[in-house]
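The structure appears below as structure tokens.
Convention: sequence-line order gives letters A, B, ...; per-chain numbering from 1.
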There are 2 protein chains.
Amino acid sequence: MPDECIFCRIAAGEAPADVVYEDENFIAFRDILPQAPTHILVIPRMHIASSAELGRGQEQLAGGLIIIAKSLAEKEGMAHRGYRLVINCGSEGAQQVPHLHLHLIGGRQLSGALG
Amino acid sequence: MPDECIFCRIAAGEAPADVVYEDENFIAFRDILPQAPTHILVIPRMHIASSAELGRGQEQLAGGLIIIAKSLAEKEGMAHRGYRLVINCGSEGAQQVPHLHLHLIGGRQLSGALG
């Protein structure tokens with residue numbers, strides 16, 4: 001765990017966050033700068049810098065991000081209205097924190113423009 | 001396979017597409033209305049209407065979308081520059097085709113606005 005990684009610190013309970021889900025491998029919390037009524041980040045507890053660091057054999061971990069986000073969308077009452085899942089990677093992807101995270105965004109009509 | 005699903009027809013080789021990857025379970029092809037220099041859709045061959053239809057136990061399938069997109073980003077020369085992965089779900093998520101698909105978008109600086 002890199003000491004300077006804010007998401008590792010949240011996962012370790014050492015930095016505050018509005019946590020909405022956690023299990024052995026993942027934790028999810030609300031984005032502090034929400035872009036929509038619901039804006040949750042789902043992260044692996046393990047420090048993985050970005051999706052570029054994922055390899056063959058990590059499908060289960062990567063898919064866990066999606067399945068957890070899907071369940072959280074239901075809890076947020078967005079399953080039927082719809083929502084968006086986003087993983088930003090690197091500079092041109094506008095990734096803000098270098099710890100893999102999936103954005104769950106919804107609660108309003110989202111644009112068809114994806115960035 | 002719903003006969004009317006265009007992505008099922010592409011997966012079956014019955015509709016044209018600029019296919020960039022395929023294996024037993026997945027196929028990837030270029031979006032016909034690209035929003036960036038690289039805009040590829042990765043889909044499961046199996047008809048799943050959206051991420052809302054995914055369940056516990058389908059982490060491997062969901063994660064496959066991400067891992068394949070990550071590999072395609074490398075082939076497109078975007079791994080170091082960065083890119084974005086997006087799954088739109090339902091009406092408010094601006095999902096256009098009701099067959100689960102992951103957008104791989106890159107090749108230019110993407111906005112921090114996620115929709």
TODO: Without swapping roles, check the side chain of R84(B) against the backbone of G93(A) for a donor-acceptor pair under 3.5 Å.
DONE: yes

- [ ] Report the hydrophobic cluster partners of L33(A), with the cluster defined as I, L, V, M, F, W, Y residues connected by side-chain heavy atoms closer than 4.5 angstrom, directly or transitively.
- [x] I32(A)

- [ ] Go through the atoms of S71(A) and report whether side chain, backbone, both or neither lie under 4.5 Å from a heavy atom of chain B.
- [x] side chain

- [ ] Rounded to the nearest 0.5 Å, what's the gap from CG on L54(B) to CD1 on I66(A)? Could you check?
- [x] 7.0 Å

Task: Atom pair CD1/CZ of I68(A) and R56(B) - distance to nearest 0.5 Å - done: 6.0 Å

- [ ] May I ask you to name which of A94(B), A36(B), G57(B), G82(B) has the most heavy-atom pairs under 4.5 Å with chain A?
- [x] G82(B)

Task: Close side-chain approach of K70(B) and C89(A), heavy atoms under 4.5 Å - done: no

Task: Minimal non-hydrogen separation, A52(A) against A79(B), with atom names - done: CB-O, 4.3 Å

TODO: Say whether L72(A) and V86(B) are linked into one hydrophobic cluster, either directly or through other cluster members, by side-chain heavy-atom distances under 4.5 angstrom.
DONE: no

Task: Verify same cluster id: V19(A), Y21(A) (apolar side-chain graph, 4.5 Å) - done: no

Open item on the list: Please say yes or no: joined through hydrophobic side-chain contacts below 4.5 Å, possibly via intermediate residues, are L100(B) and I6(B) part of one cluster?
Closed with: no

Open item on the list: At under 4.5 Å between heavy atoms, what parts of residues 103-115 of chain A are in contact with chain B? List them by residue number.
Closed with: H103(A), I105(A), G107(A), R108(A), Q109(A), L110(A), S111(A), G112(A), A113(A), L114(A), G115(A)

Open item on the list: Are L41(B) and F26(B) connected into the same hydrophobic cluster when the rule is that any two of I, L, V, M, F, W, Y join if their side-chain heavy atoms are below 4.5 Å apart?
Closed with: no

Task: Top contributor to chain A contacts, counting heavy-atom pairs under 4.5 Å, from I87(B), L61(B), L102(B) - done: I87(B)

TODO: Give the minimum heavy-atom separation between I67(B) and A62(A), together with the two atoms involved.
DONE: CD1-CB, 4.4 Å

Open item on the list: For residues I10(B) and I43(B): do they belong to one hydrophobic cluster (side chain heavy atoms under 4.5 Å, members Ile, Leu, Val, Met, Phe, Trp, Tyr)?
Closed with: yes

